[in-house]
Student: 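One structure is given below, represented as structure tokens, and several questions about it will come after.
All chains are named by letter (A, B, ...) in the order of the sequence lines, taking the proteins before the strands, and each is independently numbered beginning at 1.
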There are 2 protein chains.
Amino acid sequence: MSPLKVVTPDGTFTTGPDTTERLLTPGEVARIFGVDPKTVNRWALTGRIPSVRTPSRQRRYRESDIRTLLNGG
Amino acid sequence: MSPLKVVTPDGTFTTGPDTTERLLTPGEVARIFGVDPKTVNRWALTGRIPSVRTPSRQRRYRESDIRTLLNGG
DNA sequence: TCCAATTGGGGTAATTAGGGGA
DNA sequence: ACTGTCCTAATTACCCCAATTG
């Protein structure tokens with residue numbers, strides 16, 4: 001699978017969101033930072049981590065966002 | 001940058017942050033060394049112990065780093 | 001459908017960061 | 001130089017139960 005491409009009005013191409021990137025569950029992110037999964041969700045609620053929502057309102061986190069935070073975000 | 005791993009829900013590993021090792025809280029490290037958590041905090045500030053920061057700026061400590069120090073690191 | 005594990009949301013007790021001073 | 005204690009504000013852990021996941 002490859003990243004999405006978008007055709008602009010002038011005919012050029014631009015890359016879209018990379019849908020191949022793995023999404024991490026709250027539990028996985030929690031183990032990475034050594035905190036409770038509920039804490040990870042609180043980070044999402046307070047805007048400290050961008051989150052993706054499943055159709056049933058559960059949260060998933062982009063690996064690149066987590067990596068950025070680990071590097072001092 | 002060091003190779004990192006992520007534990008997926010089905011137990012497999014994939015490229016990402018290393019979660020194979022447990023992170024210890026300041027209180028846990030303090031009990032190990034028999035000191036006040038505040039002292040552990042200062043060890044991190046003065047660079048005596050490497051620390052991982054949560055998005056909320058709390059500190060967590062890698063078990064391997066603690067073991068190294070216990071062995072005279 | 002059943003089942004075990006995870007997640008979300010609410011509420012409360014415990015822990016942590018940071019500054020200051022002994 | 002190093003540590004323990006006091007203080008407040010912020011953050012987190014643990015409890016419940018219902019819903020979702022795989």
Student: Quick one: label Arg59(A) by what it contacts on the DNA or RNA (base, sugar-phosphate, nothing), any heavy atom closer than 4.0 Å.
Tutor: sugar-phosphate
Student: Report the residue (Pro55(B) or Gly34(B)) whose heavy-atom-nearest nucleotide on DNA chain D is the more 5′ of the two.
Tutor: Gly34(B)
Student: Among dG9(C), dT7(C), dT16(C), which nucleotide has an atom closest to any side-chain atom of Arg60(B)?
Tutor: dT16(C)
Student: State plainly whether one hydrophobic cluster holds both Leu23(B) and Leu69(A), where clusters connect Ile, Leu, Val, Met, Phe, Trp and Tyr through side-chain heavy atoms under 4.5 angstrom apart.
Tutor: yes
Student: Determine which nucleotide pairs with dC2(C), using a 3.5 Å limit on both distances of a Watson-Crick or G-U wobble pair.
Tutor: none
Student: Pick the closest DNA chain D nucleotide for Thr54(A) and for Arg42(A) by heavy atoms, then say which residue is nearer the 5' end.
Tutor: Arg42(A)
Student: Taking atom P of dC17(D) as reference, at what distance in whole Å does atom NZ of Lys38(A) sit?
Tutor: 13 Å
Student: Hydrogens and angles aside, do Thr54(A) and Ser56(A) bring a side-chain donor and acceptor to less than 3.5 Å of each other?
Tutor: yes
Student: Distance check needed: dA17(C) P versus Gln58(B) CD, whole Å only.
Tutor: 5 Å
Student: Given atom CG of Leu24(B) and atom P of dA13(D), what is their separation to the nearest angstrom?
Tutor: 13 Å
Student: So Asp36(A), base contact, sugar-phosphate only, or nothing? Heavy-atom distance under 4.0 Å.
Tutor: sugar-phosphate
Student: Honestly curious: do Phe33(B) and Val40(B) fall in one hydrophobic cluster under the side-chain, below-4.5 Å linking rule?
Tutor: yes
Student: With clusters defined by side-chain heavy atoms of hydrophobic residues (ILVMFWY) lying less than 4.5 Å apart, directly or transitively, does Val35(A) cluster with Leu24(A)?
Tutor: yes
Student: From CZ of Arg57(B) over to P of dT12(D), roughly how many Å is that when rounded to an integer?
Tutor: 12 Å
Student: If the threshold is 4.0 Å, N to carboxylate O, is there a salt bridge linking Arg31(A) and Glu21(B)?
Tutor: no
Student: Establish, with yes or no, whether the OP1 or OP2 oxygen of dT7(C) is under 4.0 angstrom from a side-chain nitrogen or oxygen of Ser56(A).
Tutor: no
Student: Figure out the CZ/P separation between Arg31(A) and dA13(D), and round it to whole Å.
Tutor: 14 Å
Student: May I have the distance from Leu45(A) (atom CG) to dT7(C) (atom C1'), rounded to whole angstrom?
Tutor: 13 Å
Student: Report yes if at least one side-chain N or O of Arg48(A) is closer than 4.0 Å to OP1 or OP2 of dT11(D); otherwise report no.
Tutor: yes
Student: Applying a 3.5 Å limit to both distances, which nucleotide forms a Watson-Crick or G-U wobble pair with dT3(D)?
Tutor: dA22(C)
Student: Expressed in angstrom and rounded to an integer, what is the separation of Ile49(A) atom CD1 from dT11(D) atom P?
Tutor: 13 Å
Student: For dA17(C) and Arg53(B) - does any side-chain N or O of the residue sit under 4.0 Å from the phosphate oxygens OP1/OP2?
Tutor: no
Student: Does dT21(D) have its OP1 or OP2 closer than 4.0 Å to a side-chain nitrogen or oxygen of Thr25(A)?
Tutor: no
Student: Whether Trp43(A) contacts dT12(D) is assessed here as follows: a side-chain N or O lying under 4.0 Å from the phosphate OP1 or OP2. Is that the case?
Tutor: yes
